[in-house]
Amino acid sequence: MARSSEEIISSLDKAKIISLLKRGVRLDERRLDEVRPITVETGVVQKAEGSALVKLGNTISIAGVKAEIGTPFSDTPNEGVLIVNAEFLPLASPSFEPGPPDENAIEVARVVDRGIRSSRAVSLEDLAIIPGKKVWIIYVDVYVLNHDGNMIDASSLATIAALLDTKIPKVKVIDGENIEILDEWVPLPVRDRPVSVTIAKINDTLIVDPGLEEENIMDCRLTLTVNEKGEICAIQKGIGGSLTLEEVYRAIDLAEKAAKKIREALPPLPNLENVEWVVREEKEEKE
Amino acid sequence: MNSSRIPIRKEERPPRLIDDEGRRVDGRLPDELRPIKIEVGVLKNANGSAYVELGRNKIIAAVYGPKELHPKHLALPDRAVLYCRYHMVPFSVMERKSPAPSRREIELSKVIREALEPALFLEYFPRTEIDLFIEVLQADGGTRTAGITAASVALADAGIPMRDLVAAVAVGKVEGRIVLDLCDIEDKYGEGDMPVAMMPNLGQITLLQADGVYSPEEIKEALKLAMKGIMKIYEVQKEALKRKYIELKREVEEDYGKK
């Protein structure tokens with residue numbers, strides 16, 4: 001991929017970053033394993049079923065959830081559908097252009113989706129309304145508003161925060177075929193809070209949560225998504241470059257530690273005890 | 001995927017993916033690779049090409065270039081651009097796949113390119129382009145990794161200078177066990193898939209992805225198992241490349257002998 005002028009970094013800056021890293025210091029004075037300050041604000045868009053604005057340093061992502069009732073995929077007739085889409089808005093960086101999502105945006109969406117899906121963060125079986133016919137379709141759209149490095153982590157954080165914020169109406173199924181949408185809103189069945197941690201390799205040094213300058217000179221990128229139990233539920237190596245086994249193990253260690261810290265910024269899991277998403281009613285036949 | 005279609009070919013989920021004796025759905029042991037076959041130089045028009053069969057996977061890769069890049073503004077002043085397209089033909093899977101590139105294929109094209117770039121001396125060919133096309137003719141689980149295996153042989157066949165070949169295999173988790181080289185059914189009904197690519201001689205990982213849930217220890221186990229499979233595939237790759245040149249040598253000698 002051709003790099004635009006904003007992404008080209010002078011060899012002086014590159015040398016400076018590398019010489020700092022050798023001493024264990026980063027350009028913005030962070031420790032090598034330190035994540036930038038995080039703020040998570042939920043409920044920022046009232047017309048969405050759930051939303052969140054996440055700031056990871058100066059990287060800003062906004063995620064919104066919209067829900068609708070539709071048909072399930074034929075291979076999963078008894079499950080709701082979750083669709084994650086990501087776009088880099090042209091207002092987010094001088095190097096972004098309008099147009100359909102490019103391979104980078106598609107990669108972000110698919111890595112975010114993988115973490116949510118693998119950890120079964122949203123229990124899709126609770127979102128079947130009439131098995132095989134009608135299910136909840138949950139769309140998460142993530143938009144990067146300002147790109148200052150590590151859009152994957154900012155976007156995955158915004159996504160899970162927006163899902164945690166989401167409320168959908170309870171649905172009544174009459175005689176197994178008619179649907180009535182009730183005016184009682186229940187939380188989405190979110191049962192885990194996977195957190196992605198992106199690690200950059202610059203000249204054999206591993207750093208957590210790369211900023212834009214670091215991203216522009218990194219040799220390799222590894223994203224690990226960690227669930228509440230500390231298990232890894234998604235991996236994605238990105239850009240060129242390569243890693244040794246040792247480096248992967250070290251990255252897992254870094255990710256486990258950072259994930260705990262990052263998760264503190266998220267809202268708690270909803271209380272799903274006694275929550276019903278679908279109620280069924282059989283009406284007696286009238287003459 | 002579309003619910004309005006009624007599929008006519010179905011593969012049922014077998015009741016068990018690993019039996020009591022530790023045999024998998026296709027009779028393999030957990031650390032066993034499927035039969036693999038690699039052929040070099042299968043397409044005459046391409047500068048380099050390779051065909052890989054891994055189990056029921058049938059994948060063909062072709063390389064064109066280094067050549068002039070159009071439009072010119074995309075050229076890089078210090079190295080060649082590697083363009084990679086991973087594509088599945090519509091009949092390669094049970095349910096017809098639209099021929100248009102899916103989001104999955106766009107992502108895979110990207111990660112495959114990134115898995116191969118570290119092996120190539122792209123800096124030897126500034127301002128040019130190297131095109132790599134991977135066509136999946138039949139998919140049976142692990143197509144991206146088999147695609148990388150094929151592509152790296154095709155790149156070597158095209159004479160692109162390389163640091164090492166790239167060999168790749170998927171490991172994964174099936175019924176709680178870490179297994180090598182997932183087939184289609186294990187990929188679909190198992191608990192996780194972890195594609196890995198390496199430059200085996202250099203001990204460098206160039207592709208690493210995973211879905212499913214793993215403890216850190218399981219990841220270590222999976223990577224070690226992947227490495228084992230990759231070493232075997234690496235040998236088959238080298239054999240295939242050598243075979244081509246032995247054949248070439250024989251042909252030349254025969255011609256020379258006649259004269």
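The sequence lines fix the lettering, A, B, ..., with proteins before strands; numbering per chain opens at 1.
In this structure, chain B has a heavy atom under 4.5 Å from the side chain of A:L222, while its backbone stays farther away. Contacts between A:V226 and chain B at a heavy-atom distance below 4.5 Å are absent for every atom of the residue. With a 4.5 Å cut-off on non-hydrogen atoms, A:I252 touches chain B through its side chain but not through its backbone. Heavy atoms closer than 4.5 Å to chain B are found in both the backbone and the side chain of A:N85. Only the side chain of B:I219 comes within contact range of chain A, judged by heavy atoms closer than 4.5 Å. At a 4.5 Å heavy-atom cutoff, the contact between B:M199 and chain A is made by side-chain atoms alone.
Under a cut-off of 6.0 angstrom, the local environment of CZ in A:R263 is crowded, with over 12 non-hydrogen atoms contributed by other residues, nucleotides or ligands. Counting non-hydrogen atoms of other residues, nucleotides and ligands closer than 6.0 Å to NZ of A:K133 gives a total of 12 or fewer. Counting heavy atoms of neighbouring residues, nucleotides and ligands inside a 6.0 Å radius, atom NZ of B:K67 exceeds 12 of them. Under a cut-off of 6.0 angstrom, the local environment of NZ in A:K66 is crowded, with over 12 non-hydrogen atoms contributed by other residues, nucleotides or ligands. The environment of B:Y124 atom OH is sparse: at most 12 non-hydrogen atoms of other residues, nucleotides or ligands sit within 6.0 angstrom.
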Note to self: If you apply the rule side chain to side chain contact (heavy atoms under 4.5 Å, CB included), what do you find for A:Q236 with B:V111, and how did you get there?
What the structure shows: CA-CA 9 Å; A:Q236 178 89 343; B:V111 297; 3.4 Å; yes
Note to self: side chain to side chain contact (heavy atoms under 4.5 Å, CB included) for A:L245 and B:M227? Distances and angles first, verdict last.
What the structure shows: CA-CA 10 Å; A:L245 278 179; B:M227 226 165 144; 3.3 Å; yes
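Under the 3.5 Å distance criterion, the side-chain polar atoms of A:K237 are matched with a main-chain donor or acceptor of B:T206.
Atom CG in B:L207 sits 10.5 Å away from atom CG in A:L243 (nearest 0.5 Å). Going from atom OG1 of A:T223 over to atom CG of B:L208 covers 10.5 Å, rounded to the nearest 0.5 Å. Rounded to the nearest 0.5 Å, atoms CD (B:E105) and CD (A:E103) are 13.5 Å apart.
The heavy-atom pair separating A:G230 from B:P216 by the smallest distance is O-CD, 4.2 Å. Contact between B:Q204 and A:T244 at its shortest, heavy atoms only, is NE2-CG2, 3.4 Å. The two residues B:E117 and A:G240 have their closest heavy-atom pair at OE1-CA, 4.1 Å.
By a heavy-atom distance cut of under 4.5 Å, A:E107, A:A109, A:R110, A:R114, A:S118, A:S119 are the residues of residues 107-119 of chain A near chain B, going up by number.
Between B:K110 and the options A:N104, A:D102, A:I106, a side chain to side chain contact (heavy atoms under 4.5 Å, CB included) holds for only A:N104.
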